[in-house]
Chemist: 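One structure is given below, represented as structure tokens, and several questions about it will come after.
Keep in mind that this is a model prediction, so the values were computed, not measured. All values below were derived from every heavy atom in this structure, side-chain atoms included, with hydrogens, water molecules and symmetry-related copies excluded.
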Amino acid sequence: MSTPTQTQHTEKQIKKEFEKLHQFLRDEEAARIAAMREEEEQKSQMMKEKIKKMSREMSSLSDTIRAIEEEIINDDFTILQNYKSTVERSQCTLQDPERVSGALINVAKHLGNLKFRVWEKMQEIVQYTPVTLDPNTANPWLILSEDLTSVRWGDEQQLPDNPERFDTYACVLGSEGFNSGTHCWDVEVGENTWWGVGLMTESLQRKVDFTSMSGRWLVWYKDGEYRARSTPQPSTLLTVKQKLPRIRVQLDWDRGELSFSDPDNNTHLHTLTHTFTESVFPYFDTGCKLSPLRMLPVRASVKVEQHSKV
């Protein structure tokens, strides 16, 4: 893949991702306007019902007034005989129009912290993956997903023979290196029958047979066995009771510890120790077409910090 082609492909993916965000915002805008319109309809209906009730009461009072007027005109003596009844009929029970609360649209509900509420809801479609793969390091036989979160063995591709790329072994590195702190990522291995995950130093040569050189720490699965190795030391056979669908990698760079565990059962598998002196990158290799290695996302959250009292 030439640089112009790579640029065009990357631009296409950027536009594709932004279109997803644009569509989310369009849908959210439509939903919020619909909710406002629904509230408007409900409150309009409420006011119509109150106006109808008031109209009925006014109509009833008008009928009473007309009836009394007719009696006065037609028979003065009769109305005097039925004076008490006439007075009761003429009593006005119509109350002054009441002030209706809640008749206005709840503007604050629809506009209050609108951008924040939309951003908060955006968590439903936005994922954060602790490790993304670097396509510029991937062996030509490896196929990376469009979002750079999974890798599988496939057919050889025509890729630039840049210095960062592995060409002897089917490996790929994470896009971000670590030279301090603690870091953790989960890898879904699924039904993959040949995989390796761990760390590799930035300086380790990638165009030669590096399998016996120092600077690589990993756990791998092949031929039904799990093994761990800190090169150039020999590998260690691991005792694993059941096949792992996922594996967790935890790095404490400052303490020089790289731990592997089963996240489903919270079971420790193995810890490799080393005094790190340079940047290390997440390392992955695979020789299986059956199932890819997939970096699992973690849940992101929006946090509101309240000012404490002084």
Side-chain angles (χ1 to χ4, degrees), residues 1 127 129-159 161 164-175 184-200 204-213 215-231 234-251 258-265 267-270 272 280-298:
M1 183 183 294
Q127 293 183 329
T129 307
V131 171
T132 55
L133 304 174
D134 182 356
N136 293 337
T137 67
N139 181 282
W141 287 91
L142 296 183
I143 309 296
L144 274 57
S145 62
E146 295 287 1
D147 62 359
L148 307 179
T149 62
S150 71
V151 55
R152 63 178 176 85
W153 177 272
D155 297 327
E156 186 176 16
Q157 308 163 85
Q158 295 299 316
L159 299 175
D161 187 23
E164 301 87 358
R165 191 176 307 282
F166 293 97
D167 57 11
T168 304
Y169 296 98
C171 311
V172 63
L173 297 182
S175 60
C184 179
W185 57 96
D186 289 353
V187 183
E188 183 178 75
V189 298
E191 298 302 316
N192 196 301
T193 59
W194 182 359
W195 55 263
V197 299
L199 290 176
M200 183 172 175
L204 189 59
Q205 293 296 313
R206 304 170 193 180
K207 302 293 186 181
V208 297
D209 184 355
F210 53 76
T211 55
S212 297
M213 298 180 180
R216 202 166 53 112
W217 305 265
L218 71 158
V219 161
W220 77 84
Y221 177 76
K222 184 181 178 183
D223 299 329
E225 292 183 342
Y226 293 91
R227 289 184 172 271
R229 187 183 186 194
S230 175
T231 58
S235 64
T236 300
L237 180 65
L238 305 181
T239 301
V240 179
K241 295 182 179 180
Q242 58 186 18
K243 191 174 181 181
L244 302 175
R246 281 166 287 277
I247 186 167
R248 174 167 295 166
V249 186
Q250 291 177 288
L251 168 66
L258 179 64
S259 299
F260 300 88
S261 60
D262 175 1
D264 293 330
N265 298 308
T267 303
H268 175 258
L269 299 174
H270 194 73
L272 298 171
V280 289
F281 285 76
Y283 167 92
F284 309 90
D285 67 49
T286 180
C288 173
K289 291 185 177 181
L290 185 62
S291 181
L293 301 182
R294 188 168 72 92
M295 314 303 119
L296 296 179
V298 295

Chemist: To the closest 0.5 Å, what do you measure between CD (E225) and OG (S235)?
Modeler: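 Nearest 0.5 Å value for the CD-OG distance: 8.5 Å.
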Chemist: Will you find, in the side chains of S230 and W217, an N or O donor that is under 3.5 Å from an N or O acceptor?
Modeler: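 Their side chains do contain a donor-acceptor pair, which is all the 3.5 Å distance test asks for.
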Chemist: Just verifying a value: how many Å separate F281 CZ and L199 CG, rounded to the nearest 0.5 Å?
Modeler: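 Rounded to the nearest 0.5 Å, the CZ-CG separation comes to 10.5 Å.
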Chemist: Closest approach of L204 and G215, non-hydrogen atoms and distance?
Modeler: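 Shortest heavy-atom contact: CD2-O, 3.9 Å.
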Chemist: Just wondering, do P292 and V151 contact through their side chains at under 4.5 Å, heavy atoms?
Modeler: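 They are not in side-chain contact.
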Chemist: Measure from the side-chain N and O atoms of T132 to the backbone N and O of L148, and report whether any donor-acceptor pair falls under 3.5 Å.
Modeler: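 No: the side chain of T132 does not pair with the backbone of L148.
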Chemist: How many angstroms lie between atom CG of L293 and atom CG of D285, to the nearest 0.5 angstrom?
Modeler: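 So the CG of L293 and the CG of D285 are separated by 8.0 Å.
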Chemist: Could you report the tightest heavy-atom contact between P135 and R165, atom names first, then the distance?
Modeler: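 Between these two residues, the closest heavy atoms are O-NH1, 2.9 Å.
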Chemist: Just wondering, more than 12 heavy atoms not from Q157 lying within 6.0 Å of its CD?
Modeler: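 Check passes, neighbour count above 12.
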Chemist: Kindly compute the distance separating CD1 (I247) from OG (S261), expressed to the nearest 0.5 Å.
Modeler: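 With rounding to 0.5 Å, CD1 (I247) is 7.5 Å from OG (S261).
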Chemist: Checking side chain to side chain contact (heavy atoms under 4.5 Å, CB included) between R227 and each of L238, L237, L218, V219, which is the one that passes?
Modeler: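 The option that passes is L237.
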Chemist: Which class fits the ring pair Y226 and Y221: parallel under 30°, tilted 30 to 60°, perpendicular over 60°?
Modeler: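 Rings of Y226 and Y221: tilted, 30 to 60°.
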Chemist: Atom CD of Q127 and atom CE of M295: how far apart are they, to the nearest 0.5 Å?
Modeler: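 It is 14.0 Å, given to the nearest 0.5 Å.
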Chemist: Which atom names give the shortest non-hydrogen contact between T231 and M213, and what distance separates them?
Modeler: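 So the minimum-distance heavy-atom pair works out to OG1-O, 2.6 Å.
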Chemist: Could you state the interatomic distance from CD (E164) to CG (D134), rounded to the nearest 0.5 Å?
Modeler: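 Taking CD in E164 and CG in D134, the distance rounds to 7.5 Å.
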Chemist: Could you walk me through whether L296 and W185 satisfy the side chain to side chain contact (heavy atoms under 4.5 Å, CB included) test, starting with their C-alpha distance in whole Å, then the side-chain angles of each, then the deciding distance to 0.1 Å, before giving a yes or no?
Modeler: CA-CA 7 Å; L296 296 179; W185 57 96; over 6 Å; no
Chemist: May I ask you to decide if the ring planes of F166 and Y283 are parallel, tilted or perpendicular, using 30° and 60° as cut-offs?
Modeler: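 Ring orientation of F166 relative to Y283: perpendicular.
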Chemist: Are any of the side-chain heavy atoms of D264 and P245 separated by less than 4.5 Å?
Modeler: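 The answer is yes; the side chains approach within 4.5 Å.
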Chemist: For a 4.5 angstrom cut-off between non-hydrogen side-chain atoms, does W153 reach I143?
Modeler: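 Side-chain contact under 4.5 Å: no.
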Chemist: Using every non-hydrogen atom in the two residues, find where L269 and L244 come nearest and quote the distance to one decimal.
Modeler: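 Smallest heavy-atom distance, with atoms named: CD1-CD1, 3.5 Å.
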Chemist: Any donor and acceptor pair, going by atom type alone, linking the side chain of D209 with main-chain N or O of T211 inside 3.5 Å?
Modeler: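 Present.
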Chemist: Quick one, D186 and R246 - any side-chain contact, counting heavy atoms below 4.5 Å?
Modeler: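 They are not in side-chain contact.
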Chemist: Which heavy atom of R248 sits nearest a heavy atom of P263, and at what distance?
Modeler: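 Where R248 meets P263 most closely, the heavy atoms are NH2-CB, 3.4 Å.
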Chemist: With sequence neighbours left out, what residues match D155 under side-chain hydrogen bond (donor to acceptor under 3.5 Å, both in side chains)?
Modeler: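 With neighbours one apart ignored, the set is empty.
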Chemist: For K207, give me all partners under side-chain hydrogen bond (donor to acceptor under 3.5 Å, both in side chains), at least two apart in sequence or on another chain.
Modeler: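 With neighbours one apart ignored, the set is D161.
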Chemist: Distance-only, no hydrogens or angles: does the N139 side chain make a donor-acceptor pair with backbone N or O of C171 under 3.5 Å?
Modeler: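 Not confirmed, N139 side chain does not pair with C171 backbone.
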Chemist: Do T286 side-chain atoms and W194 backbone N/O form a donor-acceptor pair below 3.5 Å?
Modeler: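 The answer is yes, because a donor-acceptor pair under 3.5 Å joins these two groups.
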Chemist: Please check if the side chain of D262 supplies one atom and the backbone of T267 the other of a donor-acceptor pair under 3.5 Å.
Modeler: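 A pair under 3.5 Å: no.
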Chemist: Check H270 against A228 and note the closest heavy-atom contact, atom names and distance.
Modeler: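 Where H270 meets A228 most closely, the heavy atoms are CD2-CB, 3.4 Å.
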Chemist: Give a yes or no on whether E156 atom CD has more than 12 heavy-atom contacts from other residues, nucleotides or ligands under 6.0 Å away.
Modeler: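 Count over threshold, so yes.
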